[in-house]
Amino acid sequence: AVIFQSIDALPPGIEYDFIVAGGGVGGSLVATRLAQNQKWNVLVVEAGASNEDFWETRVPGFWPLLGKTAMDWNYTTVPQPGLNNRAVDYSRAKVLGGCSSHNAMIYTRGSKSEWNQYAEVTGNKGLKWNSVLPLLMKAEKWGQSPNASSNTGHYNPAFHGKGGELLTQAPYSIHPFNDMLMQSSKELPDEFPFDEDWSDGTPIGTSAISPEAERSSAATAFLGNTGKNVHVLLHTQVTRVLPTTSHGTEFRIIEVGSGPGSKLRQIKAKREVILSSGIFGTPQILQNSGIGKQSDLDAAGVRTIVDNPSVGKNLSDHVSAFATFSTNIAVTTYNQTVALQEWNTTRTGPLTRSFQLNHMSFIRLPEDSPPFTTEGFSDPTSGKDTPHVEFTFFAIGSPDPANGVVNATVQVYVINLHPISRGSVTIKSSDPFEYPSIDVGLLAEKMDMSVLREGIRSLRRLFSAPVFNGSIFGSVIPPANVTSDEDLESFLRATGGTWLHGVGSASMSPKGARWGVVDPDFRVKGTKGLRVVDASVIPLLPSAHTQVPTYGFAEVASLMIAQQYA
Ligand SMILES: Cc1cc2nc3c(=O)[nH]c(=O)nc-3n(C[C@H](O)[C@H](O)[C@H](O)COP(=O)(O)OP(=O)(O)OC[C@H]3O[C@@H](n4cnc5c(N)ncnc54)[C@H](O)[C@@H]3O)c2cc1C
């Protein structure tokens with residue numbers, strides 16, 4: 001790709017076939033795939049800087065340091081009633097590669113029945129598991145782990161590609177806790193089975209997440225390897241899309257600016273504009289352009305061109321809780337200077353890991369769990385190959401006597417993967433540089449609370465496995481005496497948060513449906529020349545961290561667009 005730092009540097013007179021607004025996961029992928037047709041010129045407009053301006057993005061273990069910096073939009077939600085009216089920080093990267101330049105790089109695909117459900121609820125057959133899996137495998141470059149003693153038994157080669165662009169690596173690294181976790185799968189196999197490889201479409205059970213020698217992102221794996229027919233314009237925000245005629249609905253013009261008060265300029269696409277600005281940026285651009293719910297737009301002082309009440313609605317997100325348990329297992333703390341030296345010289349060591357205990361469990365709650373029996377909720381998952389809850393085993397922290405923590409603690413995040421609560425993204429004014437109002441609706445619905453609560457109980461059952469006897473002593477957060485429904489729920493309302501996996505704010509739905517923002521071909525309903533390709537089109541949350549599902553949707557979109565103009 002050819003990089004331009006400002007619009008004034010763009011060569012005059014070029015006509016772009018496609019303009020992609022946002023160089024994140026969806027945007028980088030779709031731009032890369034379209035540019036494989038050498039006849040097409042593609043322009044990617046990214047509000048942030050280049051990922052190469054931040055060397056820290058290359059070091060996998062540095063990802064927690066990258067939020068709340070200049071490379072993040074640093075959003076905050078509105079007060080969340082489900083969280084005792086706390087407003088929560090919401091990280092979204094403002095940099096080339098989008099969140100894949102500063103995320104934890106967990107590679108998970110979701111379940112087979114989930115993808116088949118996407119195909120069913122959207123009317124896009126290309127989203128079926130059997131169609132998407134080959135695309136994900138083709139894009140994958142699977143390799144040897146930097147730290148693994150052995151890969152045998154820790155992945156299934158039948159589900160990994162070796163010839164693609166995105167680097168993924170064989171999981172597993174040695175730590176006594178990880179070995180105990182594996183043993184617990186033998187002791188309590190019904191609820192906590194071992195899962196050799198989540199990538200096979202049945203992600204139920206405990207397994208290792210991939211450490212990586214160096215970050216492989218949408219920018220480094222895809223956009224960074226494109227040729228001269230891709231231009232990338234940095235530090236430039238797409239403020240609106242505009243119709244090509246004064247009363248038309250063919251939106252092939254973007255309006256851009258470098259910041260509040262800057263001169264706004266226009267660039268026209270020959271074929272299409274593709275919005276890939278993510279779960280907040282995409283609905284914001286649509287609404288500022290007059291595509292949205294009329295009453296929302298009236299309140300913001302924006303003239304409605306396409307009245308679509310679904311724009312910015314249906315936002316949903318994984319909701320998480322943090323738990324710790326007292327332990328005498330070796331801590332995972334490390335000296336960062338020494339670790340950086342190791343990473344610099346051999347690309348091994350703690351800084352290749354996103355989480356020091358690089359394991360997760362995907363759990364299906366037992367069928368007799370209260371949410372599905374006494375509380376009468378129906379199963380929120382797409383099928384029995386799909387988990388309700390995730391445990392991310394984060395680290396073993398040192399004792400903290402000053403705060404009354406006398407032992408080391410195993411730190412675990414517990415995540416409800418299928419909340420039914422919905423939130424929204426709504427512009428506050430016609431100023432495109434003003435942040436929208438963001439409501440992620442965390443724990444708004446009673447069922448979401450019940451499932452998360454049972455997730456904490458499930459984690460406690462896991463740590464009661466015989467192998468942990470004498471090594472893990474009891475719950476510190478929440479305290480061991482917090483056991484009743486009421487006490488656990490108060491704990492979750494006081495401490496729960498987002499897992500930063502929002503989807504659905506410009507949801508895909510069947511053609512002619514009375515809900516939804518894009519048609520099955522990713523076109524914005526009621527418009528021409530305008531599509532959305534990013535996580536906002538995903539209608540329902542996957543049982544996965546959301547970047548690979550976003551890549552999957554973007555691969556399907558790329559094929560459809562390329563076929564249309566071939
Ligand atoms: C801290 C963190 C950790 C995460 N960890 C993981 C993980 O380990 N594994 C995983 O699978 N998922 C993870 N995720 C989620 C995953 O990264 C996202 O789901 C995914 O990046 C969404 O892709 P996207 O294309 O929708 O948006 P993004 O990747 O966010 O890209 C949107 C891009 O558009 C740009 N943009 C926005 N508005 C405009 C505008 N108006 N004009 C121009 N450009 C604009 C942004 O700057 C950004 O570059 C994590 C997310 C975060 C924040």
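Computed from a prediction, not measured in an experiment: that's the story for all the values here. Start at 1 and go down the list; that is how both ligands and their atoms are numbered.
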Point to revise | Side-chain donor or acceptor of E214 paired with backbone N/O of E212 under 3.5 Å | key: no
Check your understanding: Can you tell me if D17 uses its side chain to pair, donor with acceptor, with the backbone of N41 under 3.5 Å?
Key -> yes
Review point. Got a salt bridge between K68 and D89, using NZ or NE/NH1/NH2 to carboxylate O under 4.0 Å?
Key: yes
Study note, to complete from the structure: With sequence neighbours left out, the residues meeting side chain to side chain contact (heavy atoms under 4.5 Å, CB included) with Q237 are A47, W73, F433
Check your understanding: Are K313 and D439 ion-paired here, with the side-chain N under 4.0 Å from a carboxylate O?
Key -> no
Check your understanding: Any idea which heavy atoms bring S507 and P539 closest together, and the distance?
Key -> OG-CA, 3.1 Å
For ligand 1, list every N/O pair with the protein closer than 3.5 Å, one pair per line with the distance.
{"unit_1": "ligand 1", "atom_1": "5 (N)", "unit_2": "A104", "atom_2": "N", "d": "3.2"}
{"unit_1": "ligand 1", "atom_1": "8 (O)", "unit_2": "A104", "atom_2": "N", "d": "3.3"}
{"unit_1": "ligand 1", "atom_1": "8 (O)", "unit_2": "M105", "atom_2": "N", "d": "3.0"}
{"unit_1": "ligand 1", "atom_1": "8 (O)", "unit_2": "I106", "atom_2": "N", "d": "2.8"}
{"unit_1": "ligand 1", "atom_1": "9 (N)", "unit_2": "I106", "atom_2": "N", "d": "3.4"}
{"unit_1": "ligand 1", "atom_1": "9 (N)", "unit_2": "I106", "atom_2": "O", "d": "3.0"}
{"unit_1": "ligand 1", "atom_1": "11 (O)", "unit_2": "I106", "atom_2": "O", "d": "3.3"}
{"unit_1": "ligand 1", "atom_1": "11 (O)", "unit_2": "H545", "atom_2": "O", "d": "3.3"}
{"unit_1": "ligand 1", "atom_1": "11 (O)", "unit_2": "T546", "atom_2": "N", "d": "3.3"}
{"unit_1": "ligand 1", "atom_1": "11 (O)", "unit_2": "Q547", "atom_2": "N", "d": "2.8"}
{"unit_1": "ligand 1", "atom_1": "12 (N)", "unit_2": "Q547", "atom_2": "N", "d": "3.4"}
{"unit_1": "ligand 1", "atom_1": "17 (O)", "unit_2": "N103", "atom_2": "ND2", "d": "3.0"}
{"unit_1": "ligand 1", "atom_1": "19 (O)", "unit_2": "T546", "atom_2": "OG1", "d": "2.7"}
{"unit_1": "ligand 1", "atom_1": "25 (O)", "unit_2": "V25", "atom_2": "N", "d": "3.4"}
{"unit_1": "ligand 1", "atom_1": "25 (O)", "unit_2": "G26", "atom_2": "N", "d": "2.9"}
{"unit_1": "ligand 1", "atom_1": "26 (O)", "unit_2": "A535", "atom_2": "N", "d": "2.9"}
{"unit_1": "ligand 1", "atom_1": "29 (O)", "unit_2": "V25", "atom_2": "N", "d": "3.3"}
{"unit_1": "ligand 1", "atom_1": "29 (O)", "unit_2": "C99", "atom_2": "N", "d": "3.0"}
{"unit_1": "ligand 1", "atom_1": "41 (N)", "unit_2": "V238", "atom_2": "O", "d": "3.0"}
{"unit_1": "ligand 1", "atom_1": "42 (N)", "unit_2": "V238", "atom_2": "N", "d": "2.9"}
{"unit_1": "ligand 1", "atom_1": "44 (N)", "unit_2": "A47", "atom_2": "N", "d": "3.2"}
{"unit_1": "ligand 1", "atom_1": "47 (O)", "unit_2": "E46", "atom_2": "OE2", "d": "2.7"}
{"unit_1": "ligand 1", "atom_1": "47 (O)", "unit_2": "W73", "atom_2": "NE1", "d": "3.1"}
{"unit_1": "ligand 1", "atom_1": "47 (O)", "unit_2": "A93", "atom_2": "O", "d": "3.3"}
{"unit_1": "ligand 1", "atom_1": "49 (O)", "unit_2": "E46", "atom_2": "OE1", "d": "2.7"}
{"unit_1": "ligand 1", "atom_1": "49 (O)", "unit_2": "E46", "atom_2": "OE2", "d": "3.2"}
{"unit_1": "ligand 1", "atom_1": "49 (O)", "unit_2": "V95", "atom_2": "O", "d": "3.0"}

